[in-house]
There are 2 protein chains.
Amino acid sequence: MKVHHARIMAGYAASNASLLRRLGVALGDPAAWIKLDDRKIALVRDLEMDRVRAASNADKVTCPAKHAPPTGLSVDRETATAEAATQIFRAAKVEVVTTDRTLPFIFAWHLQQAEIIVKYDDDYGVIDRRSKTEHEIEYLKTAQGYTETVMRTVLEMIASADTDDEGQLVHQGEVMTSESVKQFAAVEFLKLGCNLLHGAIVATAPEVADCHHSGTGPLRSGTPIIVDLFPRVDATRYWGDCTRTVVHGDVPETVGRMHAAVVEAKKAAIDELVAGNTADAVHKASDQKLIDHGFEISRGTITDEPSIQHGTGHGIGLELHEPILLDYGGGEMLAGEVFTVEPGLYGRKTGGVRIEDMLVVTESKPISLNSLPDGLDWRK
Amino acid sequence: MKVHHARIMAGYAASNASLLRRLGVALGDPAAWIKLDDRKIALVRDLEMDRVRAASNADKVTCPAKHAPPTGLSVDRETATAEAATQIFRAAKVEVVTTDRTLPFIFAWHLQQAEIIVKYDDDYGVIDRRSKTEHEIEYLKTAQGYTETVMRTVLEMIASADTDDEGQLVHQGEVMTSESVKQFAAVEFLKLGCNLLHGAIVATAPEVADCHHSGTGPLRSGTPIIVDLFPRVDATRYWGDCTRTVVHGDVPETVGRMHAAVVEAKKAAIDELVAGNTADAVHKASDQKLIDHGFEISRGTITDEPSIQHGTGHGIGLELHEPILLDYGGGEMLAGEVFTVEPGLYGRKTGGVRIEDMLVVTESKPISLNSLPDGLDWRK
C-alpha cells in the first residue's frame with residue numbers, strides 16, 4: 001500500500017489565521033484544508049466553494065455532501081465537515097495524518113474513530129505564518145499607513161486642544177476623555193475601511209501605570225498621553241499597530257528623560273532586528289538601554305515611579321499578536337518576519353511613555369513601515 | 001488510586017465562545033478551563049488573573065508559571081499553557097481527561113505525551129451554550145434593541161429619500177448606495193457601543209438573488225431593499241440580528257405577494273418554536289407556507305423569479321451563528337434556546353424580501369425580542 005503524506009488543518013477561518021491564510025476567505029462556517037501527497041484540497045460549505053476557488057491555491061475545492069460516509073452526514077455543520085474530511089482520507093486509504101496545533105478536537109476524534117493515526121507537527125501553520133510574503137508585507141504596510149493617518153489626526157487634536165480651569169483638555173467645547181478620543185478614532189478608521197475591533201488605548205496617569213489599561217476619564221495638559229491604535233483592515237484582515245505619546249503643553253522633566261530613554265531603547269532594539277539573531281537579544285538590547293538611563297524592571301508590579309513592565313514587541317499579521325515574542329528566551333528571527341517594537345516606561349505619578357513601530361526583518365537592516373516622528377510635541 | 005472526574009477546555013476566549021462563557025473575559029492570550037472533580041480551575045496569563053477572578057466562577061485562578069514541569073515552561077505562551085495544564089492533571093494523578101470539540105490539538109498532544117487518555121464529549125460546551133441564562137437573554141434583548149434602533153433610522157432614511165431622474169435614491173444630495181448605508185449603520189452602532197465586525201447586508205436586485213450577497217451600488221425606488229443588521233455589543237459580546245425589507249415608493253404587485261408569504265411563513269415558524277418540538281418542524285412549517293403561496297425551493301441555484309434559498313434560522317448568543325440550525329434534520333429545541341427566524345424569497349428580477357426576528361424558546365409560547373413592524377413602507 002502506498003504511504004501517503006497526509007496533513008489536515010481545520011476549524012473556522014474567521015478566527016483561525018493559519019486556516020484563513022490557506023483558504024483566502026474568512027469563512028464563518030467550518031472548513032478543512034487537506035494535503036494528500038502534493039494535492040491541496042479545500043473542504044468548505046457548498047455556498048462558499050466559488051469564493052474559495054477564487055481566493056485559494058487549492059487543487060480541488062469540495063463540500064461535505066460530496067464525501068458523505070455510508071451512514072450519512074450529520075446535520076451539525078462542524079460534525080459533517082469532520083465526517084467528510086475523515087471520509088476523504090479513508091477513500092485514499094490514508095493511515096497517518098499530521099495536524100497542526102489548532103486542529104479542533106472534533107476532527108481528531110473523527111479521524112481516530114476511523115482508526116487513522118493523528119500525528120502532530122508543532123511548527124505546521126506557525127513557521128509559514130511567521131515569514132510573510134511580499135503581498136502580506138504590502139497589506140501590513142497599508143494597515144500601518146492607515147494607522148498613522150488616524151494617529152496623526154488624534155495627536156494633533158490632543159496637542160492643539162484648549163484647556164479648562166482644571167487643566168483638562170477641551171475640544172469643540174467638550175472635555176476630551178480617553179473614551180471620546182477612542183470613539184473618534186473608531187469612526188475615522190471606519191471611514192478608511194478599518195475596524196477597531198480589539199479597541200484602542202488612550203491612557204494617561206495614573207491608570208497608565210498598568211500598561212494593559214486602555215484608559216479612562218478626562219485628558220489633562222502637562223501629562224503624557226499614550227495613544228496605541230491597532231485597527232484591522234477589513235478588506236485584507238491584516239493589522240496595523242502603532243503607538244505614540246503626546247504631551248499637551250509643557251513637558252515635565254522626568255517625562256523628557258523617559259522619552260529620551262524610550263527612543264534610544266527602540267533604536268537599540270531595531271539595531272538587533274536581523275534574520276538569524278534572536279528575539280531574546282532584541283529584548284535585552286531594549287531593556288538594557290532603559291536600565292542604562294536609570295529605570296528599573298518591575299514586571300508584574302505597578303509602580304509610582306517610571307519602570308519597565310513588558311517585553312519589547314510581538315509578531316503581527318493576520319493576528320494582532322502572533323508568535324514570536326520579542327522577550328526573554330525568544331528564538332531566532334526569520335527573514336520576512338514582521339514585528340512591532342514598543343519599549344515603554346510607566347508610573348502612577350509620572351504617567352507613561354511608549355513608542356511603537358512595525359518593522360520587517362531582512363538579512364541586513366530591518367525595513368520600517370512607519371514614517372511618523374517620535375516626539376512628544378504634536379502641535380501643527 | 002482515586003479516579004478523578006477531569007475535564008478541560010482551552011484555547012483563546014476571544015475567539016472560542018465556550019471558553020469565553022466560562023472565563024468571562026475575552027482573553028487574546030491562551031487559557032484553559034479545568035474541572036478536577038468539583039473544582040473549577042482557570043489557567044490564564046499572569047496579567048489576566050485578577051480580571052478572570054472577578055468575571056468567572058472559578059474556584060481557583062492560576063497561571064502557567066505556577067505549574068511548570070520539571071523541565072521548565074516553553075517561552076511560547078500557548079505551549080506553556082498546554083504544559084501547565086498537563087502538569088495540573090499530573091500532580092493530581094489524573095489518568096483520563098474529557099474534552100470538548102474545540103480543544104486545540106496542542107493541548108491534547110501534551111496530555112497524551114504525559115500518558116493521559118483524552119476522551120471526547122461532543123455535547124460539552126455545546127448543550128450548555130444552547131440554553132441561555134436569564135442574564136444572557138437580557139444581553140441578547142439589549143443587543144436586539146440596539147439593532148432595532150439603528151434599523152428604524154436606516155429604513156426611515158431610505159423610505160423618505162429623494163430620487164433622481166433615473167429613480168436612484170438621494171440623501172442629502174448624494175446617491176444612496178448599499179455601501180453608504182452600511183457605513184452609516186456602522187457609525188450609528190459605534191455610538192451605541194456596538195461593532196459591525198461581520199459587516200451588514202443592504203441588498204437589492206439583482207445581487208440580492210444570491211442571498212449571501214451583502215449588496216453593492218445605488219439603491220432605487222420601487223424595488224425592495226433587504227436590510228440585515230447584526231452588530232455585537234462590545235460590553236457583553238452578545239449579538240443582535242434583525243432583518244427588515246423596505247420599498248421606497250410604490251410596492252410592485254409581486255413584491256407585495258412575496259411579502260405576504262414571508263410574513264405568514266415567519267408566523268408559521270414561530271408557532272412551532274416550542275421546547276421539545278424539532279428545528280426540522282420549524283423549518284418545514286415556514287417552507288410549506290412559502291410553497292402554499294406558490295413559491296418554489298431553489299436551494300443552491302440563483303433564480304430570476306422569487307424562490308426559497310435557505311433554512312429558516314439559527315441559534316444566536318456569543319456567536320452570531322450558533323448550533324442548532326432551524327433547517328431539515330434539526331433536532332429537539334430546548335427551553336431558553338434563542339433563535340432567529342428569517343424566512344425569505346429571492347429573485348434577480350423581483351429582488352428579495354426577508355424578515356427576521358429573534359425569539360426565546362420556552363415550554364409554551366416563544367418570547368419575541370423584537371418590536372419593529374414587519375411592513376415594507378417605512379415613511380414616517
Side-chain angles (χ1 to χ4, degrees), chain A residues 11-12 14-16 26 28-29 46-48 51 73-79 82 99-109 112-113 118-120 122 126 183 186-187 190-191 193 195-199 210-212 232 234 279-280 299-300 310 319-321 323-325 327-331, chain B residues 11-12 14-16 26 28-29 46-48 51 74-79 82 99-109 112-113 118-120 122 126 183 186-187 190-191 193 195-199 210-212 232 234 279-280 299-300 309-310 319-321 323-325 327-331:
Chain A
Y12 294 85
S15 58
N16 180 324
D29 287 303
D46 49 1
L47 288 169
E48 305 291 0
R51 291 173 72 201
L73 286 173
S74 168
V75 293
D76 177 82
R77 279 191 196 135
E78 197 171 23
T79 306
T99 190
D100 73 317
R101 54 167 71 190
T102 70
L103 187 81
F105 200 74
I106 187 172
F107 287 88
W109 178 255
Q112 287 167 353
Q113 290 297 102
V118 181
K119 284 184 73 173
Y120 176 57
D122 197 41
V126 176
Q183 171 106 322
V187 173
L190 252 179
K191 293 180 194 162
N195 197 313
L196 218 51
L197 74 160
H198 284 352
D210 170 359
C211 65
H212 275 67
R232 192 187 71 186
D234 285 334
D280 177 86
R299 292 178 71 153
H310 56 69
E319 291 180 307
L320 177 57
H321 291 179
I324 60 177
L325 301 174
D327 207 343
Y328 297 121
Chain B
Y12 295 85
S15 58
N16 181 324
D29 287 304
D46 50 0
L47 287 169
E48 305 292 0
R51 291 172 73 201
S74 168
V75 292
D76 176 83
R77 279 193 195 133
E78 196 172 24
T79 306
T99 191
D100 72 318
R101 53 167 72 190
T102 70
L103 187 81
F105 200 75
I106 188 172
F107 287 88
W109 178 255
Q112 287 168 353
Q113 291 296 103
V118 182
K119 284 184 72 172
Y120 177 57
D122 197 43
V126 176
Q183 172 106 320
V187 173
L190 255 179
K191 293 180 195 162
N195 196 312
L196 217 52
L197 74 158
H198 284 352
D210 170 359
C211 65
H212 275 68
R232 192 187 72 186
D234 285 335
D280 177 85
R299 292 179 72 154
Q309 287 206 4
H310 57 69
E319 292 180 305
L320 177 57
H321 291 178
I324 57 177
L325 302 174
D327 207 342
Y328 297 121

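Below, read A as the first sequence line, B as the second, and so on, with proteins coming before strands; counting in each chain starts at 1.
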Asker: Nearest heavy-atom pair of A:Leu325 and A:Ala279: which atoms, and what distance?
Answerer: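 Shortest heavy-atom contact: O-CB, 3.3 Å.
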
Asker: Using side-chain heavy atoms (C-beta onward) and a distance below 4.5 Å, is A:Leu196 in contact with A:Gln183?
Answerer: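 Not touching, per the 4.5 Å side-chain cut-off.
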
Asker: Determine the option with the most heavy-atom pairs under 4.5 angstrom with chain B, choosing from A:Thr102, A:Leu190, A:Leu197.
Answerer: A:Leu190

Asker: Could you work out, with side-chain hydrogen bond (donor to acceptor under 3.5 Å, both in side chains) as the rule, every residue matching B:Tyr120, not counting sequence neighbours?
Answerer: B:Asp122

Asker: Tell me, for B:Arg77 versus chain A, whether the close heavy atoms (under 4.5 Å) come from the side chain, the backbone, both or neither.
Answerer: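 Only the side chain of B:Arg77 comes within 4.5 Å of chain A.
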
Asker: If I measure from the heavy atoms of chain A, does B:His212 come under 4.5 Å with its side chain, its backbone, both, or neither?
Answerer: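 Interface part for B:His212: side chain.
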
Asker: For residues A:Asp46 and A:Glu48, determine if any side-chain heavy atom of one lies less than 4.5 Å from a side-chain heavy atom of the other.
Answerer: no

Asker: Under 4.5 Å, counting heavy-atom pairs only, tell me which of A:Val187, A:Ile106, A:Val118, A:Leu103 racks up the most with chain B.
Answerer: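 Counting heavy-atom pairs under 4.5 Å, the top option is A:Ile106.
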
Asker: Could you look at B:Glu319 and say if it's the side chain, the backbone, both or neither that has a heavy atom under 4.5 Å from chain A?
Answerer: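 No part of B:Glu319 comes within 4.5 Å of chain A.
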
Asker: Would B:Arg101 and A:Asp76 pass as an ion pair if we require N to O under 4.0 Å?
Answerer: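 A salt bridge links B:Arg101 with A:Asp76.
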
Asker: Where on B:Tyr328 is there a heavy atom nearer than 4.5 Å to chain A: the side chain, the backbone, both, or neither?
Answerer: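 Contact with chain A is through the backbone of B:Tyr328 alone.
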
Asker: Run the side-chain hydrogen bond (donor to acceptor under 3.5 Å, both in side chains) test against A:Asp210 and tell me which residues pass, sequence neighbours left out.
Answerer: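 side-chain hydrogen bond (donor to acceptor under 3.5 Å, both in side chains) list for A:Asp210, sorted by chain: empty.
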
Asker: Looking at B:Gly330, B:Gly329, B:Pro104, B:Ser74, which has the largest count of heavy-atom pairs under 4.5 Å with chain A?
Answerer: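 Going by pairs under 4.5 Å, I would pick B:Pro104.
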
